Amino acid sequence: LNDPGNKPREAFFHHSAIRCYWSGHSERCRYFSEKSMKLTGQGGQPTAYIVKFLFGLNCLDLLRNNKQVNKSREGIRVAIAAMEDAATNSEWNFM
């Protein structure tokens, strides 16, 4: 279960983050997003960019509700950096 190449666990955290975001569970979304980001790392995998984007959207939601302001600002910075990285890796997708 603690194997870093454990794809079912990676998929579980990824899908749990998406499910919690759409259900409106901000704290759970943050938890699963952080778990998923630890597993996917810095690679150019689409799931890494999707989770970081959802993490940023969730942080905006938390910031709007005045919850965890410092963590939310950092999360927004992470999401913006991930989207800039995605744009430089694939310019034809973001025109």
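One is the number of the first residue; the rest follow in order along the sequence. Just so it is clear, the structure is predicted and the values come from calculations on it, not from any experiment.
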### Task
Consider only side-chain N and O atoms of Y49 and D85, and report whether a donor and an acceptor are under 3.5 Å apart.
yes
### Message
If I take atom CG from residue L57 and atom CG from residue D61, how far apart are they, to the nearest 0.5 angstrom?
### Response
8.5 Å
### Query
In Å and rounded to the nearest 0.5 Å, what is the CD1 to OG distance from I50 to S33?
12.0 Å
### Message
For the residue pair R28 and Y31, would you count it as a cation-pi contact if the rule is NZ or CZ under 6.0 angstrom from the ring centre and within 45 degrees of the ring axis?
### Response
yes
### Message
Any heavy-atom pair between the side chains of E34 and F55 that's under 4.5 Å?
### Response
yes
### Task
Of all the heavy-atom pairs spanning C59 and I76, show the shortest one and how long it is.
CB-CG1, 3.9 Å
### Message
Between R19 and S16, is there a side-chain donor-acceptor contact under 3.5 Å, judged purely by atom types and distance?
### Response
yes
### Query
In Å, rounded to the nearest 0.5 Å, how long is the span from CG of L54 to CE of M37?
10.5 Å
### Task
Heavy atoms only: give me the nearest E10-S36 pair and the separation to one decimal.
O-OG, 4.5 Å
### Message
Rounded at 0.5 Å granularity, tell me how far CD1 in I80 sits from CZ in R77.
### Response
8.5 Å
### Task
Would you give the length of the straight line joining atom NE2 of H25 to atom CZ of F32, rounded to the nearest 0.5 angstrom?
10.5 Å
### Query
In Å, rounded to the nearest 0.5 Å, how long is the span from CD of E27 to CG of N58?
8.0 Å
#### Entry: Closest approach of K52 to A79 (non-hydrogen atoms, all atoms of both residues)
O-CB, 3.3 Å
